[in-house]
2 protein chains.
Amino acid sequence: MSQLSGTATGGGGENLLFLTDEQLRKGIEAMFFAYRGFTADPDRILETMDYGRAHHRAVHFIHRSPGTTVSNLLGILGVTKQSLNRVLRTLIDDGHVRSEKGRRDGRERHLFLTEKGEAMEKSLSDAQRARMRAAYRAAGPVAVQGFRQVLEAMMDPGLRDYYNRLRDGA
Amino acid sequence: MSQLSGTATGGGGENLLFLTDEQLRKGIEAMFFAYRGFTADPDRILETMDYGRAHHRAVHFIHRSPGTTVSNLLGILGVTKQSLNRVLRTLIDDGHVRSEKGRRDGRERHLFLTEKGEAMEKSLSDAQRARMRAAYRAAGPVAVQGFRQVLEAMMDPGLRDYYNRLRDGA
DNA sequence: AATTTACGTCAGCCTTGTTGACTTTCCAAG
DNA sequence: CTTGGAAAGTCAACAAGGCTGACGTAAATT
């Protein structure tokens, strides 16, 4: 590490004019530990119902975009249809998701949460939002703005498009 | 969505005085998509060497804290010793990691990267840092500050302690 | 001397990802 | 109207990487 960074503000080391490997490494570790926290609460709930993170992801995006198709979901989640199908199968069998044949295009299946599914989604996202809300409150509005900016810049372009399409109401 | 937020700045909707479920959901999705980007580059490299994310995590923290013990690593990674051992076993067999019996406490095993291991770590972290650096550059120093603040607030307290201990040089 | 700690390992199980092959259904273009 | 290709579902087999439980060994602690 160069002596140059010795001039940065003591404790925090917030001088980001040059992005040292040190500072980048801290960001990497922050992502790692924060993601653990991010998933911890829903994970605990999912465990009690014999579901996993994969189910949560599917439920989240079906809730977010009711009537979305399977191939749409495949694109968002980035898994194979066999993998998704296994998860979707159990969700449908358990009465959390309803699959409806497309009226315009009969090959497509449009996915919806049932009332039961919506209730489950709510319990999962309530837990996740609670932590997010606490973090937002603790960090403040300016930090939240920066948080989102950095995350968006980290996404793969293709996924960023998905993200923005969702954001603007797909 | 209440009409009240209609007064927020047009495009961004950055009024975060009340944390709506909408805004929190965007943050949740941002975490999801960004984490995918975060792991994408190392994942591609790891694939070529028959390693997975688990190996990357182990290598990262051994590089970060050379001489760290197995139980230390267990605490940081939050997996069982059987799970970690499987990964560690292959890393040692492949000559990426060296395990050294403790001199003060002979029960402990201190873990180090070999030269080969350091080289691998560098190729992985170079890739990950490149994306992080680009994101930091794109978002700017203020955003980076906020990014870190929110992430830290999202961590579980126990993991936050680990994070800070690492941060301040363990 | 007995107990506890740190580590390693065997065996078996589960989730969630993968590939490959095959079928059904249906839209659209020739 | 036929045919090609897209969307979906399914079967089978496999791998990574989690997990639990049980057991063994060396070394520190009491």
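Hydrogens, waters and symmetry mates play no part in the numbers below; they use all other heavy atoms, side chains included. Since this is a predicted model, take the numbers as computed values, not measurements. Numbers restart at 1 for each chain; the letters A, B, ... are given by sequence-line order, proteins then strands.
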Please report the closest heavy-atom contact between B:G37 and B:R131, naming both atoms and the distance.
O-NE, 3.0 Å

For atom [atom1] of [X] and atom [atom2] of [N], their distance in whole Å:
{"X": "A:L84", "N": "C:dT18", "atom1": "CG", "atom2": "P", "result": "10 Å"}
{"X": "B:R53", "N": "C:dT15", "atom1": "CZ", "atom2": "P", "result": "20 Å"}
{"X": "A:I92", "N": "D:dG9", "atom1": "CD1", "atom2": "C1'", "result": "10 Å"}
{"X": "B:R109", "N": "C:dT9", "atom1": "CZ", "atom2": "C1'", "result": "13 Å"}
{"X": "B:H110", "N": "D:dA27", "atom1": "NE2", "atom2": "C1'", "result": "13 Å"}
{"X": "A:R103", "N": "C:dT25", "atom1": "CZ", "atom2": "C1'", "result": "18 Å"}
{"X": "A:Y51", "N": "C:dC14", "atom1": "OH", "atom2": "P", "result": "17 Å"}
{"X": "B:L74", "N": "C:dT5", "atom1": "CG", "atom2": "C1'", "result": "13 Å"}

Starting at the 5' end of DNA chain D, which residue's closest nucleotide do you reach first, B:D105 or A:K81?
A:K81

Cation over ring, B:R160 on B:Y163, under 6.0 Å and within 45°?
no

Taking only the side-chain heavy atoms of [X] (C-beta and beyond), determine which of [options] contains the nearest atom.
{"X": "B:N85", "options": "C:dG8, D:dA8, D:dC11", "result": "C:dG8"}
{"X": "A:E108", "options": "D:dA7, C:dA21, C:dG17", "result": "D:dA7"}
{"X": "B:K101", "options": "D:dA7, C:dC7, D:dA26", "result": "D:dA26"}

With respect to the phosphate group of [N], does any side-chain polar atom (N or O) of [X] fall under 4.0 Å of OP1 or OP2?
{"X": "B:R89", "N": "C:dC7", "result": "no"}
{"X": "A:H55", "N": "C:dT15", "result": "no"}
{"X": "A:T80", "N": "C:dG17", "result": "no"}
{"X": "A:S71", "N": "D:dA8", "result": "yes"}
{"X": "A:R86", "N": "C:dT18", "result": "no"}

Please determine if B:D156 and A:R36 form a salt bridge, counting it only when a charged side-chain N lies under 4.0 Å from a carboxylate O.
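Salt bridge between B:D156 and A:R36, a charged N being under 4.0 Å from a carboxylate O: no.
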
Can you find a donor-acceptor N/O pair under 3.5 angstrom joining the side chain of A:R107 to the base of D:dA8?
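No such pair is found, so the answer is no.
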
Under 3.5 Å donor-acceptor pair, B:Q82 side-chain atoms to C:dG12 base atoms
no

Would you say the side-chain atoms of B:E118 and B:H63 include a donor-acceptor pair closer than 3.5 Å?
yes

Given side chains that start at C-beta, do those of B:F61 and B:Y162 come closer than 4.5 Å, heavy atoms only?
no

